[in-house]
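Here's the structure, in structure tokens; my notes come after.
Throughout, protein chains are lettered first and strands after them, A, B, ... in sequence-line order, and every chain is numbered starting at 1. Predicted model only: the values in this text are computed from it and were never measured.
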Amino acid sequence: MDLTAISPALLVASLMVGATPLLLAALGELVVEKAGVLNLGVEGMMIVGAICGFAAAVQTGSPLAGFAFGALCGAGLSMIFAVLTQVMLSNQVATGLALTLFGLGLSSLVGQGYIGIKPPPTVRLDLGPLSDIPFLGRAVFSHDWVVYGSIALTAAVWWFLNRSRAGLTLRAVGENHDAAHALGIRVVAIRFAAIAFGGACAGLGGAYVSLVRVPQWTEGMTAGAGWIALAIVVFASWRPARVLVGAYLFGGVTVLQLNLQAAGSALPVEYLSMSPYVVTIVVLVVMSARRGARSTAAPASLGKPFHATV
Amino acid sequence: MEDGTAPLLALSGLTKSYPGVRANDDVSFAIHAGEVHALLGENGAGKSTLVKTIFGLVAPDAGEMRLAGKPFAPASPQEARAAGIGMVFQHFSLFDALDVAENVALGMDTPPPRRVLQDRIASVSREYGLPLDPRRIVGDLSAGERQRVEIVRCLLGAPRLLIMDEPTSVLTPQEVALLFATLRQLTAEGTAILYISHKLDEIRALCDRATILRGGRVVASVDPRESSARDLAEMMVGEALSAPARSGAAGGGELLEVDALSLPPAHAFGTALREVSLTLRAGEVLGIGGVAGNGQDELLAALSGEMRADAGRIRLRGTGVGRMGPVARRARGLLAAPEERLGHAAAPDMSLTENAVLSAHTRKRLARRGFIDWRAARAFADAVIDRFDVRTPSSRTAARALSGGNLQKFVIGREIMQDPVVLVVNQPTWGVDAAAAAAIRQALIDLAGRGAGVIVISQDLDELMEVSDRFAALNGGRLSAPRPAAGLSVDEIGLMLGGTHDMEAAHAHPH
């Protein structure tokens, strides 16, 4: 194995690119779960965002239109989940799984004509002299706006949840929906909004995979990123800053194994490919072993159906 | 605005029907500024519906309300709050994971910035003698502190009318005294209080006026200080209440023996049982008193089989059952009904029939070869509902949907109708209205009259004196020597509960 083939600056740069879709999807799911809803359809919403964003970008020639349409389609798909679980009170776990399967099938159908096409390139943000700093310039300051936008979104989500009135209301709904209802908070409306935000974030993350990270369309190209995003939310114990750490950690493991493969590691490729998922499982086990601490507790109403009875 | 004679809130002809029930029927009464107005009634008399109407959670079918002379029809709790109505719920509507200030902010329409709000909470809690730290996480607070959060939340809105739904059911006597002082201070400032409670003595001590509901109608409006607790209870029930009739069958053969039983605490905040010994005879009710948290939960768990001991420590009709689990003990006739109704005595989201199967399947043979006999199960559940007057639409209703008192009747009835050899109950009438409590006590005495042994663990001394043949006290996990209940004076009981050295000596026994 030739470790010198791995350039540290490139590794960090590709780590940031690799982590961005995870970060976006996990932030969206964090908000959804904070509102007390468990949407396991993240993978489905991501893949639909990936193909819709890809198609829109190819048709219009504008990556921006692609990202916007990807987010819109992710949100649209999540509304199916919202209507089923919040209005018709279907089981959230089963509905979320169905949403993932549906999204995977739908994306294959829509993507028939897009295989092998290159999307319009997403321009890098010109950060002027910052990009000229040795190492850091190449590793950190030479990305497109989505990468920086996702980091800004982390801060925005933190501020929203912990400092804004609307965020407090959303946390209250996730913590005790009956009490929230008794206070006159519109539980279902807030959950709809949260689910839509989660869907848009997942769709945006998916579009980033097909438009920047790969960049092309292949079936099933999100390859479990949605599931890792779900795991990151638990790993982060429902805190935005830790979601950022988690996404970069998992993104880093993924990128590292690709680099190790390219460098000709003696380990079979399969072991390297499974390493991010193994790390996910190990981290989840470690997290659940420290049960009981309030700081790591899930929202109390997470996954429970809400039916207003007055 | 008010000129002293015009009522603050006048209700006239309020009517609300639900499918199959008329919850409120032509309810009219008035609440004046500066008075504590009691709303009395049995479970299901329509108190909750009425209060929800005032608070904007329920829209009445007919009738109207006037607040300080103006028509008042709140469409939501926000509107009710804006009009000056505050409400402290029976089951606290708090958010465990949020801190006190956040919980308070959620109840306000336009909360001030965090710092300002924290200061205002601190100053209101000082002013009204309700010690509270705005930065603490609500999940870590005691029941009394949680209630203070609710009260402070209401007080910040400077309410003209404060509604309190069963405020003292979860408080210690000290916390009750603190609450009453706060309420008196509020009325002195002109706030009206609508006070809902089952505890008639409290109402007589605190309230200026009492409106009594029965079957959704106003049946009486009295000055509670001029009526006895007994009169009030009879007005609620609509019939004369009789003290439970004693059977006098006590003194049969020994059914249950507990011999120097010591067990570690059931949970982190529990109390260890220390050398508990008792003997229960056929036809006898043994009352066990004591302040909560002195080993009551552990004693029930040890007797029900949830906690195991050495076989010989607990003997049922001579057989050592200490090592057996609850199912094996149930099969032999040792039954128990724990204090916590939802989640311990009953599975909240399962139907009454399913809950009946859970505890009665062995003794009533509701399962054969691993298959549940639903027909028999339903018949058994219906029989319990019928005999114990459980008010529920059907046996298919989820346990969670029943009011506390009705579920308690079902839980106790379910055990009694399995013809136990020995029945152990903890807080059998907690949160149950007067008529239902009397029925439950009578049923326990009747059960003993048929030759069973009954252990009643309770914090209600009046209840224990009413039902017990012998009385013992739990203190710090030790059980005093039982004494005949007849003729025990309040002072003697107080000494037993205090666990004086004298009692320790009396409790010592040869090994």
Side-chain angles (χ1 to χ4, degrees), chain A residues 30-31 33-36 89 91-92 158-191 233-234 236-240 291-310, chain B residues 16 18 23 48-49 51-53 55-59 74-82 85-99 101-114 117 136-140 146 149-150 153-154 157 165 268 348-349 398 400-401:
Chain A
L30 171 81
V31 171
E33 292 192 14
K34 272 288 186 187
L89 303 181
N91 181 293
Q92 294 184 8
W158 177 86
W159 184 88
F160 171 78
L161 287 175
N162 292 299
R163 286 291 175 267
S164 79
R165 166 73 175 180
L168 176 61
T169 311
L170 182 135
R171 280 189 290 145
V173 166
E175 200 53 45
N176 184 346
H177 49 218
D178 291 320
H181 176 68
L183 284 173
I185 294 172
R186 292 171 63 210
V187 173
V188 173
I190 285 173
R191 288 190 167 162
V233 176
V234 181
S237 49
W238 293 271
R239 289 173 179 206
R291 217 148 53 94
R294 191 174 297 284
S295 60
T296 61
S301 290
L302 184 60
K304 290 184 189 159
F306 170 71
H307 180 56
T309 50
V310 174
Chain B
K16 176 73 188 177
Y18 291 112
S48 298
T49 305
V51 163
K52 284 176 178 168
T53 307
F55 199 55
L57 283 164
V58 169
S76 69
Q78 284 98 329
E79 279 184 34
R81 273 199 298 270
I85 313 277
M87 175 147 178
V88 176
F89 291 90
Q90 177 182 8
H91 300 291
F92 302 134
S93 58
L94 294 177
F95 305 91
D96 283 355
L98 309 183
D99 70 23
E102 287 174 331
N103 268 281
V104 170
L106 278 167
M108 306 171 81
D109 293 320
T110 47
R114 206 180 160 76
L117 184 61
R136 287 197 46 203
I137 298 289
V138 164
D140 298 335
R146 292 164 145 250
V149 179
E150 293 247 13
R153 177 154 82 183
C154 289
D165 192 359
D349 289 317
R400 186 193 291 288

For a quick test of reading the model, state the closest non-hydrogen atom pair linking [X] to [Y] and the distance between them.
X	Y	value
A:A182	B:P77	O-CG, 3.6 Å
B:M108	A:R165	O-NH2, 2.6 Å
A:A172	B:F95	O-CE2, 3.1 Å

Quiz item: Taking the side chain as C-beta and beyond, is there a heavy-atom pair between B:R114 and A:L168 under 4.5 Å?
Solution: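 Side chain of B:R114 against side chain of A:L168, heavy atoms only: no contact under 4.5 Å found.
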Practice problem: Give a yes or no answer on whether the side chain of B:D96 reaches the backbone of A:E175 with a donor-acceptor pair at less than 3.5 Å. | Solution: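 Between the backbone of A:E175 and the side chain of B:D96 there is no qualifying donor-acceptor contact (under 3.5 Å).
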Quiz item: So, B:R81 side chain and A:L183 main chain: donor-acceptor pair closer than 3.5 Å or not?
Solution: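 Present.
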Quiz item: Where does B:L106 contact chain A at under 4.5 Å (heavy atoms): side chain, backbone, both or neither?
Solution: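 Both backbone and side chain of B:L106 come within 4.5 Å of chain A.
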Quiz item: Is chain B contacted by the side chain of A:A300, its backbone, both, or neither, given a heavy-atom distance below 4.5 Å?
Solution: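 Contact with chain B is absent: no heavy atom of A:A300 under 4.5 Å.
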Quiz prompt | Rounded distance (nearest 0.5 Å) linking atom CG of B:L57 with atom NE2 of A:H181 | solution =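 With rounding to 0.5 Å, CG (B:L57) is 6.5 Å from NE2 (A:H181).
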